[in-house]
Structure formats: C-alpha cells, structure tokens
Amino acid sequence: MKLHEIYPHNKFLLYIGAILGFTGTYLDNTNKASFTITMSLLIAGLLLMLLSFKKPKQSSNDENKIISD
C-alpha cells in the first residue's frame, strides 16, 4: 500500500478535527486554558482527523500478489 492512496473520506470531520487541534495548540501556547481542556481538545481533534480517513480497497492484483508471496 502506498501512502498517496490514503485520502480523506469525510472532509467535514477532517476540518473540524483540524480546528479543534489548532485551538488546543493555541490555548496551550498562550496558557489561556487548563491542562485538561487543552488535552481534551487535542485528543478530540486527532481522533476526528483519524476517523475522517478511509482505507483504500485492495484490488484483485494486490490480493493475488500477497497470496503468491
């Protein structure tokens, strides 16, 4: 599997996750929020960004190559 075959399936989740991650990073750098709020924003943002990606389907050629190896 090549890295360029992975693409975001749900762009809405990706963008919301990025906004939460950037907000958490900003609040952490400026010390405007407590540690628990900052970490919860960062974890929620990363989780949403991971959920937005979709694993590509393997073609029949890839499956035959794996079986023959």
Side-chain angles (χ1 to χ4, degrees):
M1 180 174 72
K2 297 178 184 175
L3 185 61
H4 68 276
E5 294 177 352
I6 299 173
Y7 59 94
H9 180 67
N10 192 344
K11 289 184 181 180
F12 179 72
L13 286 179
L14 180 70
Y15 295 147
I16 295 298
I19 290 170
L20 288 176
F22 291 140
T23 304
T25 304
Y26 170 76
L27 291 175
D28 185 37
N29 288 336
T30 58
N31 295 327
K32 292 189 176 187
S34 68
F35 181 76
T36 55
I37 293 173
T38 303
M39 284 299 121
S40 63
L41 284 173
L42 290 174
I43 290 170
L46 288 174
L47 181 66
L48 287 176
M49 287 192 289
L50 285 175
L51 288 174
S52 70
F53 285 97
K54 178 181 178 184
K55 183 180 176 187
K57 295 181 180 177
Q58 284 188 339
S59 64
S60 61
N61 293 337
D62 292 341
E63 292 173 358
N64 292 337
K65 184 177 178 183
I66 292 171
I67 293 172
S68 65
D69 286 341

Legend entry - hydrophobic_cluster_shared for F35 and L27, side chain cutoff 4.5 Å: no
Legend entry - Hphob cluster co-occupancy, L13 + L47, side-chain heavy atoms under 4.5 angstrom: yes
Inset, instruction - Can you spot which of L42, T25, L41, I43 makes a side-chain contact (heavy atoms from CB on, under 4.5 Å) with L20? - result: L41
Inset, instruction - Decide yes or no for F53 and N10: does some side-chain heavy atom of the first lie under 4.5 Å from some side-chain heavy atom of the second? - result: no
Legend entry - Least distance between heavy atoms, T38 atom then G24 atom: CG2-O, 3.3 Å
Legend entry - Partner residues of Y15 under the side chain to side chain donor-acceptor pair (under 3.5 Å) criterion, sequence neighbours left out: none
Inset, instruction - Establish whether M39 and M49 are linked, either directly or via other cluster members, by ILVMFWY side-chain heavy-atom contacts under 4.5 Å. - result: no
Legend entry - Same apolar cluster: L14 and L46, side chain cutoff 4.5 Å: yes
